[in-house]
Participant: 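Sending over a structure as structure tokens; questions will come in a sec.
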Amino acid sequence: MPHVLVLGGTTEARRLAGVLAGVPDGRLRVTSSLAGRVAAPRLPVGEVRVGGFGGVDGLVRWVRTHGVDAVVDATHPFAERISLNAARAAAVTGVPLLALRRPGWSARDGDDWREAGSLAEAARAVAGYERVFLTTGRQGLAAFADVTGAHFLVRAVDPPEPPFPPRMDVLLDRGPFTLDGERAILARHRIDVLVTKDSGGAATAPKLTAAREAGVPVVVVRRPPAPEGVPAAATVAEAAAWVQTVAGVSG
Ligand code: NAP
């Protein structure tokens, strides 16, 4: 039976595992892989493995040992390391690899966006603001640890560990978020700047609408470059079709 490895940790990866689970029994084996960063992750249906593979060599070993026939890199657009490892492992093993990458966001009329090339640049961009809504996740908080002039509202799935900004409140929550909820946060916390990664997708987009409505500027951290030479799909349906073709289970 063809075996597909889905590198996950995103809504799209969970949805892809769900769609592939619909392939009739016995025709496709799907394993979803999670890094293990989140204490209580939302699990996809089907087989799940958790934890790093041990670099490119570990991923190559896993792919070979488990007879993987195709890999979908459905990780977050900012998960740069695992995407690079997947590209290298595909080159070594010859196992077909597809990146499932949701499109980034685009500014609309009324948006006041400032691009930042990195979290460090975003930290410099918030200098001069007083109340920052930081939605870039708990992993990169160190980049903001030296920003002493502003108060931060940090939204994260799990409690952050230091280093983090000295003046900070934490909002433990995970998407999807609603427009009303995002409006309320901006108002209640008197936010004067929002910081986000260009994650794309609908689940966390309402904050951008709320910021536009409230005239709050948004510092948008640009995506890191994707590994070269890896074909990409923008939607779960496209990725599912690719898997079925590569695994020979279409129709
Ligand atoms: P990363 O920097 O690209 O990866 C660091 C290491 O974590 C990798 O080298 C790999 O360890 C392990 N890893 C990452 N994703 C994995 C997966 N799906 N399965 C098994 N091991 C994985 O990744 P990250 O930015 O810390 O993100 C970690 C996870 O959180 C990803 O699955 C991603 O989809 C999800 N996520 C990330 C963000 C973000 O902003 N970065 C946001 C939402 C969700 P080994 O080298 O030992 O294999």
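Indexing begins at 1, ligand by ligand and atom by atom, following the structure's order.
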Participant: Between Arg183 and Asp180, does any NZ, NE, NH1 or NH2 come within less than 4.0 Å of an OD or OE carboxylate oxygen?
Facilitator: yes
Participant: What are the atoms of ligand 1, with element, lying closer than 4.0 Å to any heavy atom of Gly55?
Facilitator: 45 (P), 46 (O), 47 (O), 48 (O)
Participant: Have a look at Gly36, Ala89, Ala35, Gly140 and point out the one with the heavy atom closest to atom 14 (C) of ligand 1.
Facilitator: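 Closest candidate by heavy-atom distance is Ala35.
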Participant: Compare all side-chain heavy atoms of Val71 with those of Leu7 and state whether any distance is below 4.5 angstrom.
Facilitator: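 Touching, per the 4.5 Å side-chain cut-off.
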Participant: Under 4.0 Å from any heavy atom of Ser33, which atoms of ligand 1 are there?
Facilitator: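 Matching atoms, with element in brackets: 17 (C), 18 (N), 19 (N), 20 (C).
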Participant: Who's closest to atom 21 (N) of ligand 1 heavy-atom-wise, of Gly52, Ala79, Gly58, Pro224?
Facilitator: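 That would be Gly52.
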Participant: Flag the pair Phe144 / Pro163 as yes when at least one side-chain heavy-atom distance between them is below 4.5 Å, and no otherwise.
Facilitator: no
Participant: Taking all atoms of both residues into account, what is the closest heavy-atom pair of Asp69 and Met1, and its distance?
Facilitator: OD2-O, 4.2 Å
Participant: Check each atom of ligand 1 against the heavy atoms of Thr75 and keep those under 4.0 Å away; list them by number with element.
Facilitator: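 Close to Thr75: 18 (N), 34 (O).
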Participant: Could you work out, for atom 37 (C) of ligand 1, the closest of His76, Gln139, Arg138, Arg37 by heavy-atom distance?
Facilitator: His76
Participant: Check for me whether Gly137 has a heavy atom closer than 4.0 Å to any atom of ligand 1.
Facilitator: no
Participant: Side-chain contact test, heavy atoms from C-beta onward, threshold under 4.5 Å: evaluate it for Val216 versus Tyr129 and give yes or no.
Facilitator: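 No - every pair of side-chain heavy atoms lies 4.5 Å or more apart.
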Participant: Can you tell me how the ring of His66 sits relative to the ring of Trp62, calling it parallel under 30°, perpendicular over 60° and tilted otherwise?
Facilitator: parallel
Participant: Any non-hydrogen atom of Leu59 lying under 4.0 Å from ligand 1?
Facilitator: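 Under 4.0 Å: no for Leu59.
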Participant: Is the shortest heavy-atom distance from the side chain of Val170 to the side chain of Phe164 under 4.5 Å?
Facilitator: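 Answer no - side chains too far apart.
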Participant: I'd like to check atom 30 (O) of ligand 1 in this structure: does the protein have a heavy atom lying under 4.0 Å from it?
Facilitator: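 Protein heavy atom within 4.0 Å of atom 30 (O) of ligand 1: absent.
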Participant: Do you know the tightest heavy-atom contact between Leu16 and Val72?
Facilitator: CD2-CG1, 3.7 Å
Participant: Would Ile82 count as being in polar contact with ligand 1, using the rule that some N or O on each side must be under 3.5 angstrom apart?
Facilitator: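 Yes, Ile82 has an N/O under 3.5 Å of an N/O on ligand 1.
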Participant: Indicate yes or no: at least one non-hydrogen side-chain atom of Phe53 is less than 4.5 angstrom from one of Leu5.
Facilitator: yes
Participant: Show the atoms of ligand 1 that are less than 4.0 angstrom away from any heavy atom in Lys197.
Facilitator: 39 (C), 40 (O), 41 (N)
Participant: Counting each atom of ligand 1 from 1 as listed, which ones have a heavy atom of Asn85 under 4.0 Å away?
Facilitator: 9 (O), 46 (O)
Participant: Atoms of ligand 1 less than 4.0 Å from Phe78 heavy atoms?
Facilitator: 25 (O), 40 (O), 41 (N)
Participant: If we set the cut-off at 4.0 Å for heavy atoms, which region of Arg49 has an atom near ligand 1: side chain, backbone, both, or neither?
Facilitator: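 The answer is the side chain of Arg49.
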Participant: Between Asp73 and Arg101, is any pair of side-chain heavy atoms under 4.5 Å apart?
Facilitator: yes
Participant: Answer yes when Asp192 and Arg131 have at least one side-chain N-carboxylate O distance shorter than 4.0 Å, and no when they do not.
Facilitator: no
Participant: Is there a polar contact between ligand 1 and Leu7, counting only N or O atoms under 3.5 Å apart?
Facilitator: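 No - when backbone and side-chain N and O of Leu7 are compared with those of ligand 1, no distance drops under 3.5 Å.
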Participant: Judging by distance only, is a nitrogen or oxygen of Thr136 under 3.5 angstrom from one on ligand 1?
Facilitator: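 No: no nitrogen or oxygen of Thr136 is under 3.5 Å from one in ligand 1.
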Participant: For atom 9 (O) of ligand 1, grab the closest protein heavy atom and report residue, atom and distance to one decimal in Å.
Facilitator: Arg81 CG, 3.0 Å
Participant: If you count the atoms of ligand 1 from 1 in the order shown, which ones are under 4.0 Å from a heavy atom of Glu80?
Facilitator: 3 (O)
Participant: Below 4.0 Å, non-hydrogen atoms only: which portion of Val38 touches ligand 1? Side chain, backbone, both or neither.
Facilitator: neither
